[in-house]
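Let me begin by presenting the structure, written as structure tokens, before commenting on it.
Note that the structure is a prediction, hence the values are computed from the model and not measured.
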Amino acid sequence: MTPTEVRSSPADVGTGRRRLVTGSIAGVAAVVLGAGLGELTAAILSPGSSPFASIGSAMIDLAPAWAKDTAIALFGTNDKAALLVGIAIVLLVVAAGAGVLERVRPPWGRAVVLLVGLAGAIAAMTRADSGLLSWVPSAVAGVAASVVLWFLLRPDAPPAPQGEDRRNFLAWSGGTIAVGVLAAIGGSALRAGTRSVEAVRSALRLPAPAVVAPAVPASASLNVEGLSPVITPNADFYRIDTALIVPQLDTAGWSLRIYGMVEQEVTITWDELLALPLEESYTTLTCVSNEVGGDLIGNALWLGYPIRELLKRAAPTSDADMVLSRSSDGFTASTPIEALTDDRNAILAVGMNGEPLPAEHGFPVRMVVPGLYGYVSATKWVTELQVTRFADARGYWTDRGWSDRGPIKLESRIDVPRGNAPVGASVIAGVAWHQHVGVSGVEVQVDDGAWQQATLATAISDDTWVQWSLPWDASSGAHTIRCRATSVDGEVQTPDQAPPAPDGATGWDEVTVQVI
């Protein structure tokens, strides 16, 4: 061995490993405590500025369209929960790394957690619904994590604690994590306990409609087990939006402002809206992210006031061609003005299936526009309508590569059978839709055979989906089933496969069934 060679002893290697382990534990403990205190602070001072939600909302805003599609394809309506779990995992990894860095290169570990807190504060302050104190929860989280990290790895502490020192270190770290978890739980409980909006909603009694929707005909339902019901219950209605924390808007403070390229700016309050002659209508809503055969679609009875009547008050100028709707949380949608001024039931909705809108579906007021995908029409928690032009303004998702206008495409879906089916008499059934156009027929193909005409239920209207079914004598073995719809205007559903981006998926739904 030359004089310049140094060989590490097993004791040195063991000490180095213990330094890394203790640094990682300290980093995780410090960040868990900081995050918990941040959540608790948010619940007290600014419920909408949770550090997790602030960072998550910023990630949603910055995410490209393909990332949103991937998340929805993988997790469906659980995409937000998956994002929060992902943020937590990344945060724990960063925390462990910051702890190791603090152990070997102080104070850079503390600098890392402070920067994470700063990022959360900036994200909170740049939200459309931010307040004067929105930055505080993330700042508290960053500062608290930095202080605790210094305490656990302070200069006078053993670099690689053993024996009694090790037990003390683990006790302090475990206690720190426990306090952080309890703070987060307390913040969640406090936030839930202060949500007076749900109490307002529960006590609310909507006025009787001036225009009552026609009764749903008995022939609208084919009564096939496993087939999607004609009316989707509120609890089962899909939810896709950009809000990690559901906005809590009190009816007492809600108002809608109509401005921009208008002759007369209009502002309407909640009480004024409910005093208007409200109308009932059935409309099927569809998310543009819905894959062929997907379930991001639902049909409901809505109660609201025609948007065209409010736009008449404002008197848009002749060169306006778009209305940019804005949510309380900053989301925007670009709707062609003709879709809000023609004879379709485009409404400011206050009711859904006989009750006030659920909070997650837009309480107190949302837009419902037949014939357009939700990303350009179905703004929840709506507070503004800006009359403008496509050349001058862009919506949230059109700014991220989606098309300016989003007319819903003709589609059909197979609901039953799925997976396995018994030999003998069976039924193939599903739903078809082409909102504001209507469906005139559905055909089914089994194993590349001839297309067969399915029985079509009675549609509630051209703005809703319709059930269809076909008797099937199922023989043993694997079978491939396809469906295609024809619209009222003669269009036949295209077989060409296209992804949701940039203006909606196309293709025939196809399922493989094992008959046994």
Could you walk me through whether Trp302 and Ile347 pass side chain to side chain contact (heavy atoms under 4.5 Å, CB included), step by step?
-> CA-CA 9 Å; Trp302 306 95; Ile347 61 172; 3.7 Å; yes

Side-chain heavy-atom pair [X], [Y] within 4.5 angstrom cut-off:
X	Y	value
Gln248	Val246	yes
Met322	Pro336	no
Arg308	Leu340	no
Trp472	Pro417	yes
Ile460	Ile231	yes
Arg413	Val292	no
Gln467	Leu227	yes
Arg484	Trp451	yes

Heavy-atom closest pair, residues [X] and [Y]:
X	Y	answer
Val262	Val387	CG1-CG2, 3.5 Å
Ala124	Ser54	CB-OG, 3.4 Å
Tyr373	Ile408	N-CG1, 3.5 Å
Pro370	Val368	CD-O, 4.0 Å
Asn420	Val513	C-CG1, 4.2 Å
Ser289	Pro500	O-CG, 3.7 Å

Check against side chain to side chain donor-acceptor pair (under 3.5 Å), Ser403 and Asp503 | CA-CA 6 Å; Ser403 63; Asp503 57 2; 4.8 Å; no

Start with the C-alpha gap between Thr480 and Glu510, add the side-chain angles, then the distance that decides, and say whether side chain to side chain contact (heavy atoms under 4.5 Å, CB included) holds.
-> CA-CA 7 Å; Thr480 300; Glu510 178 180 300; 3.5 Å; yes

Is atom CH2 of Trp270 surrounded by more than 12 heavy atoms (other residues, nucleotides or ligands) closer than 6.0 Å?
-> yes

Check the surroundings of atom CD in Gln497: do more than 12 heavy atoms from other residues, nucleotides or ligands lie under 6.0 Å from it?
-> yes

Side chain to side chain contact (heavy atoms under 4.5 Å, CB included) evaluation trace for Val365 with Tyr305 | CA-CA 10 Å; Val365 183; Tyr305 188 69; over 6 Å; no

Would you find a donor on one side and an acceptor on the other, under 3.5 Å apart, between the side chain of [X] and the backbone of [Y]?
X	Y	answer
Thr341	Ile337	yes
Ser50	Ala53	yes
Asn299	Leu285	no
Arg366	Ala378	yes
Thr464	Ser461	yes
Arg313	Glu309	no

Between [X] and [Y], do the side chains contain an N or O donor and an N or O acceptor separated by less than 3.5 Å?
X	Y	value
Thr284	Gln435	no
Ser327	Asp329	yes
Glu411	Gln493	yes

How about Trp465 and His434: are their ring centroids closer than 6.0 Å?
-> no

Would Trp468 and Trp433 count as a close aromatic pair, with their ring centres under 6.0 Å?
-> no

Spacing of [X] atom [atom1] and [Y] atom [atom2] [to the nearest 0.5 Å]:
X	Y	atom1	atom2	answer
Asp463	Arg344	CG	CZ	8.0 Å
Leu303	Asn353	CG	CG	11.0 Å
Met367	Lys380	CE	NZ	13.5 Å
Arg405	Ser377	CZ	OG	14.0 Å
Thr335	Ile307	OG1	CD1	7.5 Å
Gln386	Ser334	CD	OG	11.5 Å

Run the side chain to side chain donor-acceptor pair (under 3.5 Å) check on Asp489 and Ser487 step by step: do they pass?
-> CA-CA 5 Å; Asp489 59 10; Ser487 69; 2.2 Å; yes

Considering the options [options], which one meets the side-chain contact (heavy atoms from CB on, under 4.5 Å) requirement together with [X]?
X	options	result
Asp271	Thr269, Ile268, Leu274	Thr269
Val350	Thr251, Leu204, Leu278	Leu278
Val511	Ile428, Ile414, Asp415	Ile414

Side chain to side chain contact (heavy atoms under 4.5 Å, CB included) between Phe390 and Thr398: does it pass, once the steps are laid out?
-> CA-CA 10 Å; Phe390 281 105; Thr398 53; over 6 Å; no

Under 30°, 30 to 60°, or over 60°: which ring-plane class applies to His361 and Phe237, parallel, tilted or perpendicular?
-> perpendicular

Give me the ring orientation class for Tyr375 and Trp402: parallel if the planes are under 30° apart, tilted from 30 to 60°, perpendicular past 60°.
-> tilted

Working for side chain to side chain donor-acceptor pair (under 3.5 Å), residues Asp496 and Thr506 | CA-CA 6 Å; Asp496 296 337; Thr506 62; over 6 Å; no

Between Arg482 and the options Asp509, Asp448, Asp447, the side-chain hydrogen bond (donor to acceptor under 3.5 Å, both in side chains) test singles out Asp448

Lys/Arg-Asp/Glu bridge criterion (N-O < 4.0 Å) met for Arg239, Glu360 = no

